[in-house]
Amino acid sequence: AAPALPETPATPSIPAAAEEFVVVGGEPVSRSLLAVFESEARSRLEVMAQERQVLIQQAVISDALIRAAHTLAGISATVRMDAAHELARAFEQALQKLATMTLSEAEEQLVAAVIEGLDVMVSDGSALRPPQARPDLIERLRRATIPVLVATTESVLLPEEEGAIVREPQAPIPLPA
């Protein structure tokens with residue numbers, strides 16, 4: 001017969017703490033994840049504010065500003081704050097393009113408006129209010145890489161959107177008799 005194994009005391013079962021979930025962007029998110037988001041988002045917003053000062057003083061879009069926008073976009077998606085994710089992503093993309101250009105005052109003001117908009121979104125999400133989408137800022141960011149369109153809010157068609165190139169009228173082609 002096989003030797004008897006020594007008896008081991010039973011491991012007491014510890015009930016897993018029930019994770020509390022909250023709804024911010026229409027989907028449940030754990031409260032602990034939301035707290036991590038809030039801390040990290042505030043940190044990224046502080047970096048953005050600091051790097052905006054660099055932008056004002058030196059007219060340079062820093063890598064740190066682009067990274068902060070990228071990180072905020074990612075963590076906003078993680079907690080399902082789609083409005084903040086979309087704005088931060090559009091901000092990152094515009095900054096990448098604008099980093100190669102000389103910025104106008106209108107573009108510097110747009111950077112400030114976007115940072116302020118993201119700050120409001122983070123505050124709303126942290127207070128369990130769904131952040132409101134800002135398609136106006138996303139459109140201004142899209143247009144920011146076309147300097148002539150930054151300051152205007154009017155709808156403007158770009159040449160490639162207008163369709164055909166204007167041509168001189170052609171003489172009618174005679175039909176065979």
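Both backbone and side-chain heavy atoms feed into the values below; hydrogens, waters and symmetry mates do not.
- For R134, the side-chain hydrogen bond (donor to acceptor under 3.5 Å, both in side chains) criterion is met by D136, not counting sequence neighbours.
- Applying the side-chain hydrogen bond (donor to acceptor under 3.5 Å, both in side chains) definition to pairs two or more places apart or across chains, those involving residues 48-57 are E51-S62.
- Take E46 and apply the side-chain hydrogen bond (donor to acceptor under 3.5 Å, both in side chains) test, not counting sequence neighbours, and it matches no residue.
- Expressed to the nearest 0.5 Å, how far CG of L95 lies from NE2 of H70 amounts to 13.0 Å.
- Judged by distance alone, with hydrogens and angles left aside, the side-chain atoms of S76 form a donor-acceptor pair with the main-chain N or O of L72 at under 3.5 Å.
- With hydrogens and angles disregarded, a donor-acceptor distance shorter than 3.5 Å links the side chain of T100 to the backbone of K97.
- Once rounded to the nearest 0.5 Å, the distance linking CG of L65 with CG of L98 reads 10.0 Å.
- Residues passing the salt bridge (charged side-chain N to carboxylate O under 4.0 Å, His left out) test with R89, sequence neighbours excluded: E92.
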Expected list for residues 109-119: side-chain donor-acceptor pairs under 3.5 angstrom, two or more places apart:
from, atom 1, to, atom 2, distance (Å)
Q109, NE2, E105, OE2, 3.2
D119, OD1, R42, NH1, 2.4

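- Under the salt bridge (charged side-chain N to carboxylate O under 4.0 Å, His left out) criterion, R67 pairs with no residue, sequence neighbours left out.
- Atom CD of Q132 is surrounded by 12 or fewer heavy atoms from other residues, nucleotides or ligands within 6.0 Å.
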**Q.** Intermediate values then yes/no, side chain to side chain contact (heavy atoms under 4.5 Å, CB included), V36 and V79
**A.** CA-CA 10 Å; V36 170; V79 294; over 6 Å; no
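- Under a 3.5 Å cut-off, the side chain of T78 and the backbone N or O of G74 do form a donor-acceptor pair.
- In this structure S30 satisfies the side-chain contact (heavy atoms from CB on, under 4.5 Å) test together with E19, F21, S32, L33, sequence neighbours excluded.
- By the side-chain contact (heavy atoms from CB on, under 4.5 Å) test, V24 pairs with V22, L34, M81, L128, P131, sequence neighbours left out.
- Sorted by first then second residue, the salt bridge (Lys or Arg N to Asp or Glu O under 4.0 Å) pairs that include residues 54-65, not counting sequence neighbours, number zero.
- Hydrophobic clustering (side-chain heavy atoms under 4.5 Å, transitive across Ile, Leu, Val, Met, Phe, Trp, Tyr) groups M101 together with L141.
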Q: Please assess L55 against I61 for the test side chain to side chain contact (heavy atoms under 4.5 Å, CB included), listing each intermediate value before the final yes or no.
A: CA-CA 6 Å; L55 174 62; I61 292 177; 4.0 Å; yes
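- The shortest non-hydrogen separation linking A69 to A88 is O-CB, 3.7 Å.
- Looking only at side-chain heavy atoms (C-beta outward), V122 and L45 come within less than 4.5 Å of each other.
- Applying the salt bridge (Lys or Arg N to Asp or Glu O under 4.0 Å) test to every pair with at least one member in residues 31-40, sequence neighbours left out, gives these pairs: E20-R31, E40-R44.
- Rounded to the nearest 0.5 Å, atoms CD (Q93) and CD1 (I138) are 10.0 Å apart.
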